[in-house]
Amino acid sequence: MSLELVQPVSDLFNQTFEIDSHNLFDCSTLITHSWWSEVQMGPPDPILGVTEAFRRDTNPKKMNLGVGAYRDDQGKPYVLNCVRKAEAQIAAKKMDKEYLPIGGLGDFTKACAQLALGPDNEVLKSGRSVTVQTISGTGSLRVGANFLARFHNAARDVYLPKPSWGNHTPIFRDAGMQLKAYAYYDPKTCGFDFNGALDDISKIPEKSVILLHACAHNPTGVDPRPEQWKEMASVIKKRNLLVFFDMAYQGFASGDIDRDAWAVRHFIEQGHNVVLSQSFAKNMGLYGERVGGFTVVCKDTEEAKRVESQLKILIRPMYSNPPMNGARIASTILATPELYKEWLVEVKSMADRIIKMREMLVSNLKKEGSTHNWQHVTDQIGMFCFTGLKPEQVECLINEYSVYMTKDGRISMAGVTSGNVAYLAHAIHAATK
Amino acid sequence: MTLRLANAENRLFNRLMQIPAPSSPLLRAPVCGVAPPALRGGERACGGGVVVAPVSVAVPLVALFRSSVVRLSSFCLQSSSVAVMALLKSSKIIPAIGSYGPVLGVLPLRASSWWSEVQMGPPDPILGVTEAFRRDTNPKKMNLGVGAYRDDQGKPYVLNCVRKAEAQIAAKKMDKEYLPIGGLGDFTKACAQLALGPDNEVLKSGRSVTVQTISGTGSLRVGANFLARFHNAARDVYLPKPSWGNHTPIFRDAGMQLKAYAYYDPKTCGFDFNGALDDISKIPEKSVILLHACAHNPTGVDPRPEQWKEMASVIKKRNLLVFFDMAYQGFASGDIDRDAWAVRHFIEQGHNVVLSQSFAKNMGLYGERVGGFTVVCKDTEEAKRVESQLKILIRPMYSNPPMNGARIASTILATPELYKEWLVEVKSMADRIIKMREMLVSNLKKEGSTHNWQHVTDQIGMFCFTGLKPEQVECLINEYSVYMTKDGRISMAGVTSGNVAYLAHAIHAATK
């Protein structure tokens, strides 16, 4: 609100202070103007809160199990060797920094789709899909969500598994879609609620969008088995649902890129024309470079061309064209046989370390004398583990042992090392015995 | 409309075709027909069946369908036989030869379509120019649509200070961990300092927030979305006429509405100052007004300082929310402070502006996507609230911004020798553009042109609104292979000392 002086008063004022009319003592400049007084302070980020509390803690044994990024066995961030080599290759070429096309680097989008679908996939051979480069997985999901909001007029609802990654909800909501859920995680078994899922899915209204985590479900680590995926594919087909796959961990989950992409490929084989988000943040360690792809599997090439044109029209007023650096690195790795081989080995070793930590955690818990069933720790897959710890047990771990995790009892296995896994087991046992 | 076999026909059909019972894992769905191509798109096949029929059963297949026709309503009569014929003619029935034998395999049907209503989008106007340029075989061809700097050999130019910064960064073997949602702190700080000046009261009092964005477009979009969510007082954004083409969809897709104020005067190829003031004085209070900070795109026409002062005053009286788009700081005049003068003046005058910055042109970081979005607030407390909401907005857009370009930019801005080198390089880019403008005008005079070409040297930045009419533009494209957008806008970056004479010759020929 600005204060406006009535005319005669401002004249008197100006006369008194000998202010020339061109230097009007304008009260709206006096009172510091505010456009944003109604803007509320936003709620603090839950995961960030964990990291901040961790940083303040002075306990030398402290562990940050909130982190969603891979750590090596010394607890350090890990830049892949194949990435360093690709970077050196790129630097040596002294490439320019011209804008990429709106849909991104062609070499990248081609390789990205091949990685997901398999190079011999009929979809790629017939050219009936389109892949655009995106700002990692989040950017991909948002482009997809906005595309659905604009072009999927048949339904507004997106069905997420319960629980799902926290950011899925605002992504779809801000894009104009509505969120619903289907049963997924069974807290009694710390496993997959297969019957509950099928039951819910069989009731989803036709043409709704259903989001599936392709592998390494976040946050639970609980994935369907292949025969369960098959049944889900069948029910989803019967319900005529639009399948949106989120694949953020291909290669990182089992260590095998084909195995981790199996569900996506199966659905496509079964005739689902899916939309797919991919991220290279974890499997290539390219987190901050923001490398991802969004793919739409279409009926035929002609439809793919129409869809591509509309994706570009959507993207241009978002950010014009995507960042080049990460895409150059990723496509160099995917297209250079020696680097590709090296990458497969490195991604497997990351997955293997995680798997090893799971095994060590369980064996250490047994050594501690825990009588609980910890099988879910090794059954679950990927970076995260839903421990099944209750809120008060989580509190105990944080406050008494400086072991930090989110309130839902989710831990990032990436934060576990051979050096601290015994301490972690000790702390968990203390909190749960 | 899809052809669906009723249950009785299904069973008969299945027996005839020796298709396994529905419960078998081989069958995913009841076999049914495909909508004939004569019907419009939008139908979906009802299930997953494609029929692979041995030739020997094709005839009874048709007979079966024909017999079932009498059971279908008359409405379907015609289309069902059409469907049958289409079915037979389409690739969906593949006469099986040899190894398939009499057993029907059911292949997944690929004809299902979620996107049949999606129209082909209109072709991008600027891209069309570049594509036509590529196809042209004339050795003298010139692409003056390009919105990126070119050196005097017509080549893309990566700045030396950028290469040095990259080498420094590579040597540090830095990790690739996620940046914070608001971006690299060293970058956002330096970005704001560059725009506002390091001694600016706003920065000293900490009453602004700057977030790293995906270059200028990303910055504008974050700003547009922020306005749409939090500027409840008004929905309208006023753009200068004309403005950069992408401004409109940016604000529209974010949920704002677009209006315009007079800006360019085609009679003078200059600034319509009175028209602008007149329009601005009528803009409803609290509307958003977008101003190009320098090097207006597409016209190259900027207000003079005394004109900016009057605009600042009128805008203050109208109580408008100022949105500055600064994509060319340093690149316009060669002087970063001079190019930021309008932004700084408005802030001094008490406008709490929002500001988009891009480093695409002035650092040549085009494809790295480096930019910033700044909100000048009433005080630090407000800046904190605004910052928290910007992060809540950004997180579901792309989580956090790309690191590489921001590292390069902040290395340059924070390393004195690199910063000095950058200032020299950005000035040399601006100087080359200015030189090309001068050479174009002198060459046009040499050609004998009697038109007033003063606007070519009056205008500033990468683009020049030549004033050429559409038919003249056609002539330039078709007869001289000089490519530009239909509005007569040329990118001076595409002009070199080697081709400026040819350009002048072509323009003269089209306009004499």
Side-chain angles (χ1 to χ4, degrees), chain A residues 2 26 28-29 32-42 69 77 79 87 91 96-100 135-136 138-139 142 151-152 167 170-171 174 234 237 242 269-271 273 285-290 296 298-299 303 305-307 309-310 312-313 316-321 323-326, chain B residues 28-29 48 108-116 118-121 148 156 158 166 170 175-179 214-215 217-218 221 230-231 246 249-250 253 316 319 321 349-350 352 364-369 377-379 382 384-386 388-389 391-392 395-400 402-405:
Chain A
S2 55
D26 187 316
S28 57
T29 49
T32 333
H33 198 262
S34 166
W35 293 110
W36 314 115
S37 34
E38 307 303 308
V39 174
Q40 303 296 317
M41 180 64 87
V79 178
E87 286 186 304
D96 65 38
K97 295 190 182 295
E98 294 297 291
Y99 290 126
L100 289 180
I135 322 256
S136 207
T138 303
R142 183 59 176 265
F151 292 108
H152 185 59
N167 207 19
I171 289 170
D174 284 5
S234 175
K237 193 130 248 289
L242 201 173
E269 270 168 45
Q270 295 306 306
N273 284 353
L286 292 174
Y287 306 94
E289 301 278 359
R290 319 310 289 128
V296 183
C298 300
K299 173 181 158 179
E303 183 165 280
K305 291 261 164 276
R306 285 184 280 113
V307 167
S309 74
Q310 294 294 347
K312 284 154 71 169
I313 287 171
R316 173 75 162 136
M318 285 184 171
Y319 50 83
S320 280
N321 45 76
M324 64 188 355
N325 199 56
Chain B
R28 290 283 171 254
L109 188 65
R110 287 172 2 196
S112 79
S113 164
W114 294 110
W115 313 114
S116 29
V118 173
Q119 303 295 316
M120 180 64 88
V158 178
E166 287 187 303
D175 65 39
K176 294 190 183 294
E177 294 298 292
Y178 290 125
L179 289 179
I214 322 258
S215 208
T217 303
R221 184 57 177 266
F230 293 107
H231 185 56
N246 208 18
I250 289 170
D253 284 8
K316 191 123 250 286
N319 196 19
L321 200 175
Q349 294 305 305
N352 285 352
L365 291 175
Y366 306 95
E368 301 279 1
R369 317 311 288 129
C377 300
K378 175 180 157 182
D379 52 36
E382 183 165 281
K384 290 263 163 279
R385 285 184 279 112
V386 167
S388 76
Q389 294 294 346
K391 284 154 71 171
I392 287 171
R395 172 74 163 140
M397 284 184 172
Y398 50 83
S399 281
N400 45 76
M403 64 187 358
N404 200 56

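These numbers come from the heavy atoms of this one structure, side chains and all, not from hydrogens, waters or symmetry mates. Sequence lines set the chain letters: A, B, ... in the order given, protein chains first and strands last, and positions in each chain run from 1.
Taking all atoms of both residues into account, the shortest heavy-atom contact from A:Gly285 to B:Lys176 is O-CB, 3.7 Å. Across all their heavy atoms, A:Glu303 and B:Trp114 have their closest contact at OE2-N, 4.5 Å. Contact record, A:Gly42 with B:Ile392: CA-CD1, 3.7 Å, taken as the closest heavy-atom pair. Taking every heavy atom of both residues into account, A:Ile135 and B:Tyr398 meet most closely at CG2-CB, 3.6 Å. Taking each heavy atom of B:Ser113 and A:Lys299 in turn, the nearest pair found is CB-CD, 3.8 Å. The two residues A:Arg306 and B:Ser116 have their closest heavy-atom pair at NH1-O, 3.5 Å.
For A:Asn321, the side-chain contact (heavy atoms from CB on, under 4.5 Å) partners at least two apart in sequence or on another chain are A:Tyr99, B:Arg369. For A:Pro317, the side-chain contact (heavy atoms from CB on, under 4.5 Å) criterion is met by B:Arg221, B:Asn246, B:Pro249, B:Ile250, B:Asp253, not counting sequence neighbours.
With a 4.5 Å cut-off on non-hydrogen atoms, A:Val79 touches chain B through its side chain but not through its backbone. Looking at A:Glu289, both its backbone and its side chain come within 4.5 Å of chain B, counting heavy atoms on both sides. At a 4.5 Å heavy-atom cutoff, the contact between A:Ser320 and chain B is made by backbone and side-chain atoms alike.
The closest donor-acceptor contact from the side chain of A:Gln310 to the backbone of B:Gln119 lies under 3.5 Å. The backbone N or O of B:Phe230 lies less than 3.5 Å from no partner atom in the side chain of A:Glu38, so there is not a single donor-acceptor pair.
One distance of note links CG of B:Asp379 with CH2 of A:Trp36; it measures 14.5 Å at 0.5 Å rounding.
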